Amino acid sequence: MDFKLKVWRQRGAGDKGAFANYDAKDISPDTSFLEMLDIVNERLIAKGEEPFAFDHDCREGICGTCGCMVNGYAHGHQGGTTLCQFHMREFQDGETIWIEPFRAKAFPVIRDLVVDRGAFDKIVQAGGYISVRTGSAPDGNAVPVPKDDAERSMDAAACIGCGACVAACPNASAMLFTSGKIAQFARLPQGQPERIDRVRHMVAAMEQAGFGACTNHAECEAACPKELKLDCIAQMNRDLIKAALVK
Amino acid sequence: MELDARIPEGPIEQKWTKHRFNMKLVNPANKRKYTVIVVGSGLAGGAAAASLAELGYNVKCFCYQDSPRRAHSIAAQGGINAAKNYQNDGDSTFRLFFDTVKGGDFRAREANVFRLAEVSGAIIDHCVAQGVPFAREYGGLLDNRSFGGAQVSRTFYARGQTGQQLLLGAYSSLSRQIALRNVKMFPRTEMLDLVVVDGRARGIVVRDMVTGAVSSHAGDAVILATGGYGNVFYLSTNAKGCNVSALWRAHKRGALFANPCFTQIHPTCIPVTGDHQSKLTLMSESLRNDGRIWVPANKGDKRSPDVIPEPERDYYLERRFPTFGNLVPRDVASRAAKAVCDEGRGVGKTGYGVYLDFRDSLARQGEDVIREKYGNLFHMYKKITAENPYRVPMRIYPAIHYAMGGLWVDYNLMSNVDGLFVAGEANFSDHGANRLGASALMQGLADGYFILPYTVSDYCARKGASKVAEDHAGFKGAEAEVRDRTSKLLAVKGERSPDSLHKELGKLLWEHCGMARNETGLRKCLAEIPRIRDEFAKNLRVTGADAELNQTLEKAGRVADFIDFAELLVKDALERKESCGCHLREESQTEEGEPLRDDKNHAHVAAWEWTGGLEPKLHKEPLKFEHVALVQRSYK
Ligand SMILES: Cc1cc2nc3c(=O)[nH]c(=O)nc-3n(C[C@H](O)[C@H](O)[C@H](O)COP(=O)(O)OP(=O)(O)OC[C@H]3O[C@@H](n4cnc5c(N)ncnc54)[C@H](O)[C@@H]3O)c2cc1C
Ligand code: FES
């Protein structure tokens, strides 16, 4: 298959950046999107030109490192997938493909398609944990957890922290990311003691990092490669109200 | 050099308890005076960094990804073992110990493995307390599944994302310590050298991958938890960034490299489709609980699988190994797959594939049950192959997956370099010549949560706090070497990309040092590697500059180390003339074609010393088996 690529090139945070044109010829439909980028980059190196930078690591859809906007969709148009698991067979032969970094004030561009998502780590540091010291835990079966609660907790815990939710949101909100962690713990007995403080601190950190507010567009849910649901956000909002009442 | 494993005296079941009692302690108020450097934020590094910080040490943690949460432990799918005996099926510390020593084909140290089994239960307890959403039964208690090489059900899991959930647990504890300022985290930072001052590991030299700045970090002890080196084969189930560089640089500073030829090949990966392929994707071993492996009984049978009638199918694992069936250990399953494909009975376009068929389980348990157990794996398979495994059998083939080899460590997980500790997949320790499924997560977390916090404390207490300045000559010299290596890579200005050279190296190794090895092939490898190294030195092209984010440059540095390391790996394979575990030497087989171990000459750990580029020097640590009788492994 042949494609025309329009790829965002930007040397660094201070640079303005612009789209550049590349041809991606002779690509097998079984190639993944990132492998297609590899091939184009290898050809650039062969010509002595600088390849474009993009983040990736596991290439199994689980580490959350990869991700760009492809024709305006975070991780491409397929839905329920990361860019590394998205294959060229999903495109028409001859198509023009626009490739841009995830854009948000809280995700400054480092280079080309690579952005800094350190703000996510800050949100987790603010309270995305259960305070338990190594060696102090009771037996794993001491507290039974209803199967259904464990399953729903796992649904929320599936988040890979890729940032697609932020990139897809017109307000660049990080509500789905933040609420995933909150819902995971809120649905387990272990998460109860710190539940109120957790939601308070994580939401404050989210706001401080420069993410926008949620106005119920639900673009995040549509873009999430792990199919996290808006009910996480609902859960977070309920806990936030509770937190306001407690104080 | 005397290799002293420092195994404590006494009966095996009391060694660890006694050893802990004999350790020296650091006064809680003094712990802040010690700095511990942890390279790696995976299960081993993340757990160690968080736990040491909880104790009060000052910790600096490094990883090459943009966040510690992305270490490759995240990709582990199937589960984690622990001898809890929640199933009441006869499991015990001793049985897990026994299975692991036997599964490793008697090439691991008994005392280490026993301790691993001993602390396994506490790992599950801790992870549950952290909020890891493990799978549950209807009564709310923890669920288990079975993995290869064991006849009890002792594997705990969180859907097909166990590694992710365990790593996020460790990451959450680590994040808490970062917020408390007990850990300083350095993401997008690559370790490029180890600094040894007066015979003691005192720090590392790193490159900031965004700015290119090279800097030093000094401390009282250094822990390497940098994962496995499977990517030396180019195609593997590892993440693209997985590398041998941290270990190789430490090796060049004196750390012995143990059993580098022990590389595990996982039987159930999605087969290679073409030259564009950049990595191979694992389909978890847990699938073998419900999937049946088969190929057509007749050569060249190209019919679609659903029209091949039962008598014309060969369920070769069930046929050859009636006791363990589809759940034989990985090395056995991989070789059996290769054998049927070599006979011309392989499936798929390339003929290098076998079926993993869920037809019977789907009929027996229903699609919903199968979806609940393996939904995300089926989904992933469909994404990659465009085939629906609920309707047609999966096609799988073995691929490089895990490195049992690594830096040599003693019972305290310290290498032969004083103060250099090595944990997780990066050390050589517990899995011998073959790792059982679900045991790497267990080992990484055992090392990080329950072993290093003790042994590193003991080390610090014995040494006392002492500062070494980051502008000490040892650091400045290492920094200069790092800068020099980088400028050399940029200066070649040849024609070939680092990736193309890496591919060439990988192909060579896979062909001659992969699933089966023989002297002729290994010698051929040894003759070819210098040519690749030469080509790299003369014809490499690294675009861009040093003082910026430069992924081609990063790659080039890693490939350079892979090339040097590959030579050691092949030498080790040549030296080990027996077949054991993953290492099949074609010259060493029984008359029925089963691998033949040679305990008389090879019951040892092969630990290699760097000699400045001359022939590496081999040291042997003899292995004694006092609790598990040395027998030829059989899963029939
Ligand atoms: C696809 C897949 C599935 C698996 N499934 C299972 C399973 O079901 N059960 C099981 O028990 N095991 C499984 N394993 C094996 C297991 O996941 C790994 O062996 C284990 O997680 C390794 O953990 P680690 O902490 O040693 O290393 P990793 O998690 O790989 O972490 C390495 C760390 O070191 C850092 N690092 C590396 N090099 C450098 C450098 N030069 N400078 C700075 N930092 C560096 C990285 O950034 C990272 O933080 C699986 C492995 C794979 C690949
Ligand atoms: S590279 Fe890991 S999710 Fe895509």
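The structure presented is a predicted model; accordingly, all values stated were derived computationally and were not measured. Chain letters run A, B, ... following the sequence lines, proteins first, then strands; residues in each count from 1.
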Considering only heavy atoms, which portion of [X] lies under 4.5 Å from any heavy atom of chain B: side chain, backbone, both, or neither?
| X | result |
| --- | --- |
| A:Glu151 | both |
| A:Ser136 | neither |
| A:Arg111 | side chain |
| A:Ser28 | side chain |
| A:Glu60 | both |
| A:Arg187 | neither |
| A:Ala158 | both |
| A:Gln190 | side chain |
| A:Asp38 | side chain |
| A:Leu44 | neither |
| A:Val114 | side chain |

Go through A:Glu50 and B:Glu548 one step at a time and tell me if the side-chain contact (heavy atoms from CB on, under 4.5 Å) criterion holds.
CA-CA 12 Å; A:Glu50 271 188 67; B:Glu548 58 185 8; 3.9 Å; yes
Heavy-atom count check: over 12 atoms from other residues, nucleotides or ligands less than 6.0 Å from [X] [atom1]?
| X | atom1 | result |
| --- | --- | --- |
| A:Lys229 | NZ | yes |
| B:Lys503 | NZ | yes |
| A:Arg133 | CZ | no |
| A:Asp93 | CG | yes |
| A:Phe91 | CZ | yes |
| A:Glu49 | CD | yes |

Tell me, side chain or backbone of [X] under 4.5 Å from chain A's heavy atoms, or both, or neither?
| X | value |
| --- | --- |
| B:Phe134 | backbone |
| B:Ile178 | side chain |
| B:Ala122 | neither |
| B:Leu445 | neither |
| B:Ala71 | neither |
| B:Lys493 | neither |
| B:Ser73 | neither |
| B:Ser278 | both |
| B:His126 | both |

Do you know which of [options] has the most heavy-atom pairs with chain A at a distance under 4.5 angstrom?
| options | answer |
| --- | --- |
| B:Gln77, B:Gln161, B:Glu495 | B:Gln161 |
| B:Thr281, B:Asn550, B:Val542 | B:Thr281 |
| B:Arg496, B:His72, B:Gln130 | B:Gln130 |
| B:Ala386, B:Ala82, B:Ala179, B:Gly121 | B:Ala386 |
| B:Leu55, B:Leu282, B:Asp125 | B:Asp125 |

Once you round to the nearest 0.5 Å, how far does [atom1] of [X] lie from [atom2] of [Y]?
| X | Y | atom1 | atom2 | answer |
| --- | --- | --- | --- | --- |
| A:Lys47 | B:Thr543 | NZ | OG1 | 13.0 Å |
| B:Leu180 | A:Gln125 | CG | CD | 10.0 Å |
| B:Gln165 | A:Ser153 | CD | OG | 8.0 Å |
| A:Asn41 | B:Thr552 | CG | OG1 | 7.0 Å |
| A:Gln85 | B:Lys383 | CD | NZ | 7.0 Å |
| B:Gln277 | A:Asp30 | CD | CG | 9.0 Å |

Got a donor-acceptor contact below 3.5 angstrom from the [X] side chain to the [Y] backbone?
| X | Y | result |
| --- | --- | --- |
| B:Arg70 | A:Ile160 | yes |
| A:Glu42 | B:Ser497 | no |
| B:Gln164 | A:Cys159 | yes |
| B:Arg541 | A:Ala46 | yes |
| B:Glu54 | A:Thr134 | yes |
| B:Arg176 | A:Ser131 | no |

Is it true that A:Lys147 and B:Glu372 make a salt bridge, defined as a side-chain N closer than 4.0 Å to a carboxylate O?
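Yes.
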Between A:Asp155 and B:Arg159 (salt bridge meaning N to carboxylate O under 4.0 Å), is one present in this structure?
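Salt bridge flag = yes for B:Arg159 with A:Asp155.
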Chain B contacts, top residue of [options] (heavy-atom pairs, under 4.5 Å):
| options | result |
| --- | --- |
| A:Asp149, A:Asp121, A:Asp116, A:Leu188 | A:Asp121 |
| A:Gly80, A:Gly161, A:Gly191 | A:Gly161 |
| A:Val145, A:Ile62, A:Asn141, A:Val132 | A:Asn141 |
| A:Gly64, A:Pro146, A:Gly12 | A:Gly64 |
| A:Val143, A:Asp55, A:Asp112, A:Ile39 | A:Asp55 |

Determine whether B:Asp66 and A:Phe120 satisfy the following criterion, side-chain contact (heavy atoms from CB on, under 4.5 Å), listing intermediate values before the conclusion.
CA-CA 11 Å; B:Asp66 68 329; A:Phe120 272 7; over 6 Å; no
I'd like to know whether B:Tyr64 forms a side-chain contact (heavy atoms from CB on, under 4.5 Å) with A:Asp57, so could you lay out the CA-CA distance, the side-chain angles of the two residues, the decisive distance to 0.1 Å, and finally the verdict.
CA-CA 10 Å; B:Tyr64 70 75; A:Asp57 203 26; 3.0 Å; yes
Between B:Arg69 and A:Phe177, which heavy-atom pair has the shortest distance, and what is it?
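In this case the closest contact between B:Arg69 and A:Phe177 is NH1-CE1, 3.7 Å.
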Shortest non-hydrogen contact from B:Ala129 to A:Ala137?
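Nearest pair, atom of B:Ala129 first, then A:Ala137: CB-CB, 3.7 Å.
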Between A:Ile110 and B:Arg188, is the side-chain contact (heavy atoms from CB on, under 4.5 Å) condition met? List the steps.
CA-CA 12 Å; A:Ile110 294 176; B:Arg188 288 200 202 271; 3.7 Å; yes
